[in-house]
Every structure is written in structure tokens, then in C-alpha cells.
Amino acid sequence: MAQKPSIPKGTRDFNPEEVAKRNYIFNTIKSKFERFGFMPIETPSFENSDTLMGKYGEEGDRLIFKILNSGDYLSKADQKAYDDKDSNKLTSSISEKALRYDLTVPFARYVVQHQNEIEFPFKRYQMQPVWRADRPQKGRFREFYQCDADVVGSNSLWQEVELVQLYDEVFTALKLEGATIKINNRKILSGIAEVIGASDKLIDFTVALDKLDKIGEEKVKEEMLSKGISPDGIEKLQPLFTLSGDFGTQVESLNSILSTSEEGKKGIEELQFINTAISELGLKSAILQLDVTLARGLNYYTGAIFEVSAPNVAMGSIGGGGRYDDLTGIFGMKNMSGVGISFGLDRIYLVLEELELFPETITKSTEVLFINFGEKEALYSLKAIKTLRENGINAELYPDNAKMKKQMNYANKRNIPFVIIVGEQEVENNLFALKNMITGEQQNVNLEQVVKKFS
RNA sequence: GUGGUUGUAGCUCAGUUGGUUAGAGCGCCUGAUUGUGGUUCAGGAGGUCGUCGGUUCGAGACCGAUCUUCCACCCCA
């Protein structure tokens with residue numbers, strides 16, 4: 001026990017069953033992405049540090065895994081930062097690469113770098129692991145997969161509409177019915193901040209507002225006060241705390257709060273456009289819900305913000321996304337609006353597991369195992385197995401001439417539904433004793449009948 | 001990064017105020033059954049009690065550090 005090897009905190013091994021289940025989710029998302037016209041790309045697992053650093057806020061920088069330079073990195077270290085024990089400063093002089101923190105920023109880098117080869121609007125999807133130096137919890141890992149679909153090079157709100165449909169399609173296909181797609185708009189948040197005179201404190205304001213359903217109205221107000229938002233301004237927020245009802249009712253209240261903010265009104269318009277279109281088109285099983293307190297996420301969203309939560313399970317969000325007007329701007333490419341959504345594979349896995357929504361069929365592998373009785377019989381079996389495999393049947397031979405009990409037990413443990421027993425008699429008569437491991441029934445058949453049985 | 005929590009056999013867990021050789025169930029192996037698995041019966045293997053250090057005549061138990069698990073912050077998929 002003590003000497004057993006281990007893996008780093010927040011990482012996991014996956015056994016065959018888990019991989020099968022993960023692939024099921026993976027493949028479902030992938031096929032829907034392609035159905036909506038997205039093409040796959042991949043990017044390196046690590047990027048130059050300056051590509052990533054500063055894109056996710058101060059907290060984000062802390063959570064980025066930095067890669068130590070190769071060779072004698074200390075000789076090139078910033079001596080002053082070292083003496084001052086200034087870790088932040090020292091880091092940039094001993095580390096110039098970092099593990100990918102999400103898929104959106106590397107995608108922006110990709111678009112800028114390959115802008116001359118890309119046909120815009122560019123619709124890409126990407127399903128790769130990302131890393132965060134976070135402290136693990138349930139549903140929070142240091143290595144996990146994101147599945148992103150983004151469109152750059154189009155300002156059209158139809159993209160937002162399609163992305164909502166895409167969420168609906170994927171969760172419906174996964175039988176995860178009743179997923180809530182929460183939607184908000186950064187312009188509304190900016191508008192509110194403007195109205196209460198806290199435009200310069202937008203991030204602090206939204207972070208506090210985001211906690212409303214978690215810590216309650218009073219604590220949110222406290223946090224806003226402590227961040228320097230005026231009591232007058234907080235007073236003006238009152239209608240926001242009691243906002244309820246359907247989309248239309250909430251929009252009405254927002255209209256009155258934001259009557260003096262051009263930006264805020266623009267946000268409401270966008271929201272209404274999306275909602276109207278979705279109402280018209282209909283959703284299969286998901287629910288689109290306006291949530292003005294939704295402010296999670298990355299500092300780069302400028303329009304719509306999405307977040308998906310699973311039904312009946314205590315789990316953080318299983319997806320998120322939004323519109324970012326200027327992400328490529330940081331890499332020197334202006335006027336390139338993007339919008340995208342992300343699926344959290346690992347959390348979706350936990351949710352499907354908890355709700356027992358995985359289909360039973362996804363773990364099956366070998367359909368028939370041939371019992372090994374010795375050299376002559378094994379060769380006879382392998383000839384048959386070759387034919388079965390050519391017919392698309394998963395078949396295998398037990399490798400050793402072990403006791404029959406052991407071989408049968410092996411089939412049992414692996415849930416192999418059929419066993420073929422080939423002994424001296426069967427070889428002589430050119431037959432196969434086919435046994436159903438579930439019912440226990442057994443019959444002698446020829447090769448043709450075996451093929452037919454599994455086809 | 002802050003505060004708390006967890007770790008005993010492959011798995012799930014007992015283990016009294018510190019006291020002989022650390023237990024159970026399940027699983028695993030062998031046999032009853034040399035051409036028939038799942039059921040049953042009989043037997044067997046398997047643990048430096050997460051790790052390192054300390055207190056003690058004596059530590060699975062007490063103390064410290066460290067790693068890991070989970071939780072609350074922070075933040076997020």
C-alpha cells in the first residue's frame with residue numbers, strides 16, 4: 001500500500017468501462033457539433049505563457065500551470081525577484097510556457113495566427129483536456145475535458161439562437177432532459193452598473209450579484225458596499241433582487257431600470273431577439289431561462305452569457321459560453337466577433353452517472369469467447385474466429401489451455417454473452433458448441449450458423 | 001491561496017480510556033467437479049494500519065509534518 005505508485009492530486013485514471021462511457025458522451029457531442037456545421041481543430045496542450053497570462057483575470061493567472069524552463073533555468077532567473085521572494089515576477093523569468101487553461105483563448109490565438117487560411121465565418125469545435133491548478137472538489141479536477149463550439153467572424157444573433165439549439169440537441173440526445181440554459185447579457189450588466197454609477201466597478205459588481213441565490217440579498221449588498229459601490233446605487237438595484245416571473249415580465253422590469261442606459265437597452269433587445277426566436281423554433285427538452293444575476297465567467301464576454309445547469313443534481317454548471325467581441329483583439333486582430341459554448345465532459349459524466357442515464361449497451365465488447373482445449377483445437381478455433389471477425393463480429397480465443405472452469409469464469413467476469421466450446425469431437429465433426437452464458441442453453445452448430453447468429 | 005475533513009486487506013468498513021499474534025462481509029485462489037461458468041459446501045492467501053518523524057516500557061489509536069480524499073471560501077467546466 002505504502003509503496004504503491006500514485007497520480008497527482010486532481011487527476012484520474014479511467015478503466016475500460018469509464019472510457020466507454022466517456023466516449024459515449026464525447027461521440028454524442030461530436031456528432032451534434034458536426035450536425036450544426038462545426039469543424040474540428042486541435043491546439044497544443046501548452047502555449048507560450050504570454051498567450052495565456054492576463055486573459056483570465058488575476059485569479060486565472062494563479063490557476064494556470066506554469067512549465068519550468070528546460071536546462072539551467074536558475075541562471076537566467078530574475079535575481080531581484082528571487083531576492084525579494086517575489087514569486088509572480090520570478091515566474092516570468094523561469095517559465096515561458098504554460099498548460100492550456102481553456103479552449104477559447106488558444107482558439108483566438110489560432111484564428112489570429114491562421115487568419116489568412118480561414119474562411120469566415122469560421123465555425124470550429126474542439127474537444128481537448130485543459131488544466132487548472134485548482135484545489136479539487138467533487139466535479140472539480142485539475143485535468144478535465146472541455147468540448148467547445150465557437151463561431152468567429154459573424155455578429156449575427158442567429159448564432160446565439162443556434163447555440164441554444166445545440167445545447168438542447170446535445171442534452172436531449174444524452175437523455176438529460178430538463179437542463180436549464182441560463183442566459184444573460186453583458187450589456188445589461190454594464191447598463192445596470194452605469195445606472196448605479198459603478199461603471200468602473202463592473203467586475204466587482206457582477207461577481208457580487210452572481211452570488212445572489214447562494215448568499216442572499218443582504219450579503220450581496222454587503223459585498224457591494226465593501227467593494228466601494230455607493231449605498232445610493234445599491235438602493236437603485238432593489239427591483240433587481242426581487243425580479244421574477246417569465247421572460248417577458250423580467251424584461252419589462254429591466255426596461256424600467258435601464259431606461260436611461262443605451263447599452264442596457266441594447267442588451268435587452270438582444271435578449272428578446274434570442275428568446276423570440278427560440279420560442280418560435282421550440283426546444284426539445286431544455287429550458288431557456290433569463291437570469292440577470294448570471295455573471296460568471298470570463299472577463300471577455302461582451303454580449304450574451306450562457307450557463308447550463310443539470311436537473312435534479314447538486315453540481316456546478318455543466319456548460320457555459322457567450323459572445324466575445326474582441327477576443328482576437330488582444331492578439332492584434334480587430335473587429336472579429338466570436339460566440340461560443342462549452343460542455344464540461346467530466347461533470348456531464350458525473351451527472352449521467354448519478355441519474356443513471358448511461359445506456360446499458362455501451363460497455364459491451366467481445367461477443368463470443370472460444371474456449372481453448374489445446375493446440376489443434378485452438379488453431380481450428382482461430383480459423384473460425386478469423387471468419388467471424390471478417391463478418392464484423394467481436395470474437396476472441398482464450399489464450400491458454402487452462403481449466404475449463406477458469407475459462408468459463410473469465411467469460412462470466414467479462415460479461416461475454418456467448419462461449420464456443422471446441423473440443424476433439426467438435427473438430428472431428430466440423431461443429432461448434434455454442435453456449436449462451438445468460439440462459440445456459442447450448443447447441444451444436446456449424447460455422448455458417450454461428451456467423452448468422454451474430455450478424 | 002485560506003479554513004476544515006478523510007486515509008486500516010482488491011472493495012465497503014469494524015477496531016473500547018494506548019496493552020499479546022489487527023478483524024468482518026464481499027471479492028480473490030484451491031478443492032468437491034480432468035468437457036461446462038453463475039448457486040452451494042470445505043479450505044487458503046492477502047495488511048510495515050497513507051508516509052515520515054516524535055511522545056511512551058508499549059502507538060492503528062496521542063502529537064507534528066507531509067501526501068491524498070471530500071467540503072466550505074475564492075473561482076470555475
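In the text below, chain A, chain B and the rest are named by the order of the sequence lines, each starting its count at 1.
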* To do: Side-chain contact test, heavy atoms from C-beta onward, threshold under 4.5 Å: evaluate it for A:Leu447 versus A:Thr387 and give yes or no.
  => yes
* Of all residues at least two apart in sequence or in a different chain, which pass the side chain to side chain donor-acceptor pair (under 3.5 Å) check with A:Ser285? -> A:Thr172
* Using the test side chain to side chain donor-acceptor pair (under 3.5 Å), find all partners of A:Arg323 that sit at least two apart in sequence or belong to another chain. => A:Glu160, A:Ser337
* Asked: Would A:Phe343 count as stacked on B:rA77 if the rule is ring centres under 5.5 Å and plane angle under 30°?
  -> no
* Asked: Does B:rC73 have OP1 or OP2 sitting under 4.0 Å from an N or O in the side chain of A:Lys211?
  -> no
What N/O pairs connect the protein and nucleotides 27-34 of chain B at under 3.5 Å? Give each pair on its own line.
residue: B:rC28; atom: OP1; partner: A:Lys413; partner atom: NZ; Å: 2.2
residue: B:rG31; atom: OP1; partner: A:Lys403; partner atom: NZ; Å: 2.3
residue: B:rG31; atom: OP2; partner: A:Lys403; partner atom: NZ; Å: 3.4

Base [N] paired with [X] side chain (donor-acceptor, <3.5 Å):
{"X": "A:Glu426", "N": "B:rG35", "value": "yes"}
{"X": "A:Arg135", "N": "B:rG3", "value": "yes"}
{"X": "A:Arg140", "N": "B:rC75", "value": "yes"}
{"X": "A:Gln442", "N": "B:rU36", "value": "yes"}

* So what's the dot-bracket for RNA chain B: Watson-Crick or G-U pairs under 3.5 Å, [ ] if a pair crosses, | if it pairs off-strand? -> ((((..(..((((.....[...)))).(((((.......))))).....(((((..]....))))))..))))....
* Asked: Only one of A:Leu225, A:Leu240, A:Ile196 clears side chain to side chain contact (heavy atoms under 4.5 Å, CB included) with A:Ile234; which?
  -> A:Leu225
Distances for protein N/O vs nucleotides 65-68 of chain B N/O pairs under 3.5 angstrom?
residue: B:rU68; atom: OP2; partner: A:Lys9; partner atom: NZ; Å: 3.4

* What ring-ring contact (aromatic ring centres under 6.0 Å, His included) pairs are there with at least one residue in residues 400-422 of chain A, not counting sequence neighbours? -> A:Tyr398-A:Tyr410, A:Phe418-A:Phe454
* Test item: side-chain donor near acceptor, A:Glu34 and A:Tyr125, under 3.5 Å -> yes
* Side chains of A:Asp150 and A:Tyr324: is there a donor and an acceptor less than 3.5 Å apart? -> yes
* What interatomic distance, in whole Å, is found between C1' of B:rG7 and the corresponding atom of B:rA14? -> 15 Å
* Euclidean distance for P, B:rG3 against B:rU8 (whole angstrom) -> 26 Å
